[in-house]
Amino acid sequence: MIEPVVGVLALQGDVREHVQALAECGLRSALIRRPEELAEVDALIIPGGESTTISRLLQSFELLEPLRERLRAGMPAYGSCAGMILLGNGLLDGRPGQQQLSAMDAVVRRNAFGRQVDSFEADLDFTGVDGAPVRAVFIRAPWVEEAGPDVEVLARVPDVPEAGVAAGRIVAVRQGTVLATAFHPELTGDRRVHQLFCETVRAACRRP
Ligand code: GLN
C-alpha cells in the first residue's frame, strides 16, 4: 500500500514542529503554499500561529476556496491552536473579515484564556489517547465555546479552581476526520495526538 502524504500548511506558524512530529509518526509530509500542492496531499495540518495572518495569507495565496473544497470533500485535517480557530464555523473575538474554513460545527473563542494569561499548561485526559494524561501547552489559545451535536469532545481543561476561567472548557474536538486542539502537542515531544491523527489519515486512505 502507498503511504499517505500529509500536507502542512506553510504560510505562517510552527510548521517545522508539525513536520517533525509527522516524521516521528512515520508519515511523509509536504509543505503547502499553493493550490497545486494542496491537490497532491491526502490530508492537512494547520499549525499554530496567528489565525488572522493565516486567514489573510490563505486569501492572497488563493488557497481559501480550494481548501474549503477539499475539506467539504472529506479530506482529513488537524489544526492546533490557530488551526483550531480556522477549522471552526463560528468565531468569537475574531478580527473583522477573518475567515474560517467551516470544517467542523464549533464556535471557537479566540485568545480565550485572557490577555493576562499568555500561556498556560495543564494535564488533560484525552479520549482516544491511552496512557498518562497529555501535557497541554496553551499559548494565547482559543477554546471551543460551543460544539454542535456531531462534534465529539475529546478533552477539557480540568474543572479545578486553579484553572480559573478555563475550568472545564473544551480544548480538543473531533468531527469525522477533522481533529482540533487548542494546545500545541507539536511542541512537547509527546506524539500521541499526532499518532491519533495519523491513524485517521491511514484509515481514510484505505477506504475505497
Ligand atoms: N492567538 C492566536 C490566534 O488568534 C493563536 C495562538 C497560537 O496558535 N498559539 O490565532
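Counting starts at 1 for both ligands and their atoms, following the listed order.
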Chemist: Please, which pairs that meet side chain to side chain donor-acceptor pair (under 3.5 Å) have at least one residue in residues 75-93, sequence neighbours excluded?
Modeler: His18-Ser80, Tyr78-Thr181, Ser80-Glu186, Asn89-Asp105, Asp93-Arg109

Chemist: Between Glu3 and Arg202 (salt bridge meaning N to carboxylate O under 4.0 Å), is one present in this structure?
Modeler: yes

Chemist: List in chain and number order the residues that pass side chain to side chain contact (heavy atoms under 4.5 Å, CB included) with Val5, two or more places apart in sequence or in another chain; answer none if no residue qualifies.
Modeler: Arg28, Ala30, Val41, Asp42

Chemist: Among residues two or more places apart or on two chains, list those pairs meeting salt bridge (Lys or Arg N to Asp or Glu O under 4.0 Å) that have a residue in residues 187-196.
Modeler: Glu24-Arg191, Asp190-Arg192

Chemist: When you check ligand 1 against the protein, what N or O pairs turn up below 3.5 Å? List the atom names and distances, or just say none.
Modeler:
residue, atom, partner, partner atom, Å
ligand 1, 1 (N), Asn111, OD1, 2.6
ligand 1, 1 (N), Arg140, O, 2.9
ligand 1, 4 (O), Glu50, OE2, 3.4
ligand 1, 4 (O), Ser51, OG, 3.2
ligand 1, 4 (O), Arg110, NE, 2.6
ligand 1, 8 (O), Gly49, N, 2.9
ligand 1, 8 (O), Gly49, O, 3.0
ligand 1, 8 (O), Ala82, N, 3.0
ligand 1, 9 (N), Ile139, O, 3.0
ligand 1, 9 (N), His184, NE2, 2.9
ligand 1, 10 (O), Ser51, N, 2.4
ligand 1, 10 (O), Ser51, OG, 2.8

Chemist: Could you tell me whether Arg72 and Glu69 make a salt bridge, using a distance below 4.0 angstrom between a side-chain N and a carboxylate O?
Modeler: yes

Chemist: Any chance the side chains of Ser51 and Gln98 put a donor and an acceptor closer than 3.5 Å?
Modeler: yes

